[in-house]
Amino acid sequence: MPSRAPHICGCGHVVPSGVKCPCQIKRDAERKARFDKDRPSASERGLGADWRKLRARHIRKHPFCVICGAPATDVDHIIPRRVAPERRLDPTNLQSLCKKHHSGAKQREERRKYGMN
Ligand SMILES: [Zn+2]
Ligand SMILES: [Zn+2]
């Protein structure tokens, strides 16, 4: 297999073939972070105005992550909507979570618990 020559990135880095320049990786990450910030999280898309209002009220009342105590950025359904859609707007079915616990371990744990993917 012939090895292709490295190319020189606009920033002056010599970049081996098939590898991204660090400056490009950084730009990609920044673009993704901006994109994620402007976009409602997957679990919030299609939830409607009543949910957004309830969510905002919950975060005001419970501003910290129930797992780690970090400032909460998300409100999570304790019983997932897929399991109990009728409790979607039930204030007792809500908990505040930080970004990390809302997007990562918590959701994986839920999926395991309810056998969903
Ligand atoms: Zn570069
Ligand atoms: Zn947390």
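Nothing here was measured: the structure is a model prediction, and the numbers come from that model. Remember, it's 1-based here, ligands and their atoms both numbered in the order they're listed. The first residue in the sequence is number 1, and the count goes up from there.
In this structure, H13 and P22 have side chains that are in contact, with non-hydrogen atoms separated by less than 4.5 Å. A 4.5 Å side-chain heavy-atom check between K99 and D74 finds at least one atom pair inside the cut-off.
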Evaluation steps, salt bridge (charged side-chain N to carboxylate O under 4.0 Å, His left out), between D28 and R31: CA-CA 5 Å; D28 285 355; R31 194 178 314 125; 3.5 Å; yes

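Between the side chain of N93 and the backbone N or O of I79 there is at least one donor-acceptor pair closer than 3.5 Å. In this structure, D90 contributes its side chain and T92 its backbone to a donor-acceptor pair below 3.5 Å. Side chain of S96 to backbone of V75: no donor-acceptor contact under 3.5 angstrom is found.
Taking the centre of each ring, W51 and H77 come in below the 6.0 Å mark.
Counting all heavy atoms, side chain and backbone alike, C11 lies closest to C23 at SG-SG, 3.7 Å.
A salt bridge does not link E30 with R34: every distance from a Lys NZ or Arg NE/NH1/NH2 to an Asp or Glu carboxylate oxygen is 4.0 Å or more.
Note on the Zn ion (ligand 1): protein N, O or S atoms under 2.8 Å away count 4, no waters included. With waters left out, the protein N, O or S atoms under 2.8 Å from the Zn ion (ligand 2) add up to 4.
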